[in-house]
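Because only heavy atoms are used, hydrogens play no part in the values below, and waters and symmetry mates are left out as well, while side chains stay in.
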Amino acid sequence: MAGRIEDYALIGDLQTAALVCRDGTVDWLCLPRFDSHAIFAGLLGTEEHGFWRLGPAHASDAQPPTAARRSYRGDSLILESEWDTPRGTVRVTDFMPPRDGAPQLIRIVEGISGRVPMRSALRMRFSYGRVVPWVHKHEGRTVAVAGPDSVWFDTSAETYGKSLTTYADFTVAPGDRIAFTISWQPSHKEPPPLPAPEQSLEATEEFWREWVEHCTYHGPYREAVIRSLITLKALTYAPTGGIVAAPTTSLPEEIGGNRNWDYRYTWLRDAAITLSSLLRTGYREEARSWREWLLRAVAGDPENLQIMYGIAGERELGEALLDWLPGYEYSAPVRVGNGAAHQLQLDVYGEVAETLHLAGLFGLEQDPDSSRLLITLVTYLERHWDQPDEGIWEVRGPRRHFVHSKVMAWAAVDRAVQLIEAGHADGPLERWRELRDTIHHDVCEKGFDTGRNTFTQSYDSMELDAALLLIPQVGFLPPDDKRVIGTIEAIQRELTTPGGLILRYPTAGAETGTDGLTGDEGAFLACSFWLVESLTMIGRRVEAVALFDKLLGIANDIGLLAEEYDCANGRQLGNFPQAFSHFALVAAALRLASTEPDISRGKALVLDAAA
């Protein structure tokens, strides 16, 4: 049975990723890309759907022992897990080298004390656990083949097959190091080169050390910010610059529920906000790569902007159900692809515009193509901003006039106006200044409840939406505006869980709600981080710090966050790790740092205003 979501650690090679449980089991790995079929899908099913367990030997009818300690090696994506057993202590180091050839997952067993019996159990199942590959020996190496895929297994330990599983039983003493590697290769090609685990470990550690050195954040939450930035980097598909929302599919927003989605794609919103966090902490190359990805993805049809694309810019992401997988803790269905790809979400135009704007503020060279793209997007918005849409939360019910969508349409027009005023683009300046004012007036007139002194989720609605917390952050209204303060306080009253975190919006339980879905969900972690920013902006810093510290305490033992949190049962929910949660953490830390008291000078330490 799969572990709790927070029991997993992420390793990856900037093109795909694996999840490693506390008991040493890899329960999720897609090869060769984030969005490829999984060869280990035990996370969404059972051991019959593929896994790789490496740890101290245990009785076949007993639960595998969990590691006594685990951590990432310094500021890297190299996972170290240690077990204390009656016979001694052993360490397993798991990592995936940034790719230079065949993708590899390497596991190195090291004896620390005593003599510890160990076992590796490798059960590869291709096509999300549906296909049993042909496993055989080839020139002394073990290879599993099915259709277009082959996975090569290399180790110095003696292996044997049993029950369609490859085993290795061995014992380690102090100083012993035994490596295990799997490498993926198209089945029609020559075998991949023999791995060099120790050299790869050294190179992987050096890669992450050099990358982290570029970080410009040195505030009080540096450890959490660095771990989040590393996670965001790990979710970047290096060949194209596309960023996945998460490396998993169908981890539920409610245990046993049906709010299970495939997040292994590039949402323009998520990618844009991720890049804003990276830009603000010194990572311009990632911003440059994403800008190039964006131009390629929308090339030829920029007016019909999709909300998400494949990691190489693919447009067709058809949704399908994998009915042979029972789902994580029987949360069905398991979905691949995402039918929301062709929804209308007007807020995306604003997020893309804001990121292109930030790129210039943070020193990225002005790019004529991206400037033309921004003008094209606003030209589209000029004709369509007043239409209803599915909104930031991708409702599967009727379209509505979502207030957040209109606010972000305003932001897109505002950034285009600034671009034209600065002389970096040509456009109808006066007309778009008037359009900006028109959208602003429309939102304030139709999206504000004067009786409760709060903006609402949509026009002619009484419901609230945590996305309204972004109103002051994008500059739609200043933080000290009474309507902003009223909205923040209303969200605190009506969307706060008993555990003190924030829901996205009210859900309807067993009934079909306004989002077109049944069931409930956990507190949305990004929204809780948005509240940290909002409280900071209106001068309630002590309250903001307390909430931020609470959120840091929700991260698992190695600093990773899923999409949501079940306050009643104290566990993480949703796809994992989630880019949305981690870039919101970074943004909140930056906001807090912008008002961090400087005791030596008796005044606030202010970051760049754009942060």
Side-chain angles (χ1 to χ4, degrees), residues 11 13 15-20 24-33 36-55 57 60 64 92 94-97 99-109 117-172 177-200 322 324-325:
I11 58 174
D13 65 357
Q15 297 192 40
T16 191
L19 294 185
V20 186
T25 303
V26 180
D27 277 322
W28 184 254
L29 174 61
C30 300
L31 289 172
R33 305 188 342 169
S36 299
H37 291 197
I39 68 163
F40 303 136
L43 184 67
L44 301 177
T46 69
E47 290 187 348
E48 291 304 314
H49 299 106
F51 71 96
W52 184 8
R53 182 174 301 121
L54 180 58
S60 59
V92 175
D94 294 319
F95 65 101
M96 298 181 71
R99 197 174 302 179
D100 182 16
Q104 296 179 331
L105 192 164
I106 300 175
R107 318 190 73 180
I108 300 175
V109 181
M118 299 289 290
R119 166 170 281 191
S120 168
L122 174 64
R123 183 176 296 170
M124 290 177 279
R125 296 293 183 267
F126 294 4
S127 193
Y128 299 104
R130 184 168 58 173
V131 175
V132 179
W134 172 41
V135 180
H136 61 284
K137 292 288 187 178
H138 178 83
E139 297 181 353
R141 305 173 72 182
T142 300
V143 58
V145 178
D149 302 299
S150 70
V151 175
W152 296 75
F153 178 47
D154 294 289
T155 180
S156 60
E158 185 175 346
T159 64
Y160 62 95
K162 180 182 177 182
S163 303
L164 300 178
T165 304
T166 301
Y167 290 96
D169 294 321
F170 57 101
T171 299
V172 291
R177 293 176 68 88
I178 300 176
F180 298 79
T181 301
I182 59 172
S183 308
W184 179 90
Q185 184 84 322
S187 58
H188 65 278
K189 290 191 174 182
E190 293 296 313
L194 285 167
E198 298 294 349
Q199 294 92 319
S200 294
L322 306 186
W324 62 89
L325 288 173

Take V132 and L164, measure what side-chain contact (heavy atoms from CB on, under 4.5 Å) needs, and give me the verdict at the end. CA-CA 8 Å; V132 179; L164 300 178; 4.3 Å; yes
With no hydrogens and no angle check, is any side-chain donor or acceptor of T16 less than 3.5 Å from a backbone partner on C30? yes
Interatomic spacing from CG in D27 to CZ in F51 - rounded to 0.5 Å: 8.5 Å
So, taking the atom named OG in S156 and the one named CZ in R177, what distance separates them when rounded to the nearest 0.5 Å? 12.0 Å
State, with a plain yes or no, whether a side-chain heavy atom of R107 is found less than 4.5 Å away from one of T181. no
Under a 4.5 Å cut-off applied to non-hydrogen side-chain atoms, are V143 and V151 in contact? no
Ignoring hydrogens and geometry beyond distance, is a side-chain donor-acceptor pair present between Q15 and R33 at under 3.5 Å? no
Assess whether atom NZ of K137 is packed by more than 12 heavy atoms of other residues, nucleotides or ligands within 6.0 Å. yes
Return yes if a side-chain donor-acceptor contact under 3.5 Å exists between T25 and W52, otherwise no. no
Please confirm whether the ring centroid of F180 lies under 6.0 Å from the ring centroid of F170. yes
Close side-chain approach of L31 and S36, heavy atoms under 4.5 Å: no
Within the structure provided, determine whether I182 and L122 are in side-chain contact (heavy-atom separation under 4.5 Å). yes
Hey, could you give me the OG1/CZ distance between T46 and R125, rounded to the nearest 0.5 Å? 9.5 Å
Backbone of E198 reached by a side-chain donor or acceptor of S200 within 3.5 Å: no
Closest non-hydrogen atom pair between F40 and V26, with its separation: CD1-CG1, 3.7 Å
Looking at every heavy atom in both P195 and D154, which two are closest together, and how far apart are they? CD-OD2, 3.5 Å
pair H49-L44: side-chain heavy atoms closer than 4.5 Å: no
S187 side-chain N/O to G147 backbone N/O, donor-acceptor pair under 3.5 Å: yes
Min side-chain heavy-atom separation Q104-R99 under 4.5 Å: no
If we ignore hydrogens and angles and just use 3.5 Å, is the side chain of W324 paired with the main-chain N or O of Y128 as donor and acceptor? yes
Criterion side-chain contact (heavy atoms from CB on, under 4.5 Å) on Q185 and D149, from CA distance to verdict: CA-CA 6 Å; Q185 184 84 322; D149 302 299; over 6 Å; no
State, yes or no, whether a side-chain contact exists between T166 and F153 at a heavy-atom distance under 4.5 Å. yes
Give, for atom CH2 of W152 and atom CG of L194, the distance between the pair rounded to the nearest 0.5 Å. 10.0 Å
Nearest 0.5 Å, what's the OG-CD1 distance between S127 and I39? 12.5 Å
What one should report as the nearest heavy-atom pair of P192 and R141 is O-NH1, 2.7 Å
Specify the closest pair of heavy atoms between L29 and A17, including all atoms of both residues, with the distance to one decimal. CD1-O, 3.5 Å
Would T142 and H136 count as a side-chain contact (heavy atoms from CB on, under 4.5 Å) here? Give the steps. CA-CA 6 Å; T142 300; H136 61 284; over 6 Å; no
Could you check Y160 against Y167 for side-chain contact (heavy atoms from CB on, under 4.5 Å), going step by step and ending with a plain yes or no? CA-CA 5 Å; Y160 62 95; Y167 290 96; 3.4 Å; yes
Under the side-chain contact (heavy atoms from CB on, under 4.5 Å) rule, collect the residues that match up with P64, sequence neighbours excluded. D23, R53, H58
Testing the basics here: between G45 and L325, what is the closest heavy-atom pair and its distance to 0.1 Å? CA-CD2, 4.4 Å
Return yes if some donor-acceptor pair links the side-chain N/O of S163 with the main-chain N/O of T165 below 3.5 Å, else return no. no
Can you check whether H138 reaches P191 side chain to side chain, under 4.5 Å on heavy atoms? yes
Can you tell me how far the OG1 atom of T155 sits from the CD1 atom of I106, to the nearest 0.5 Å? 11.5 Å
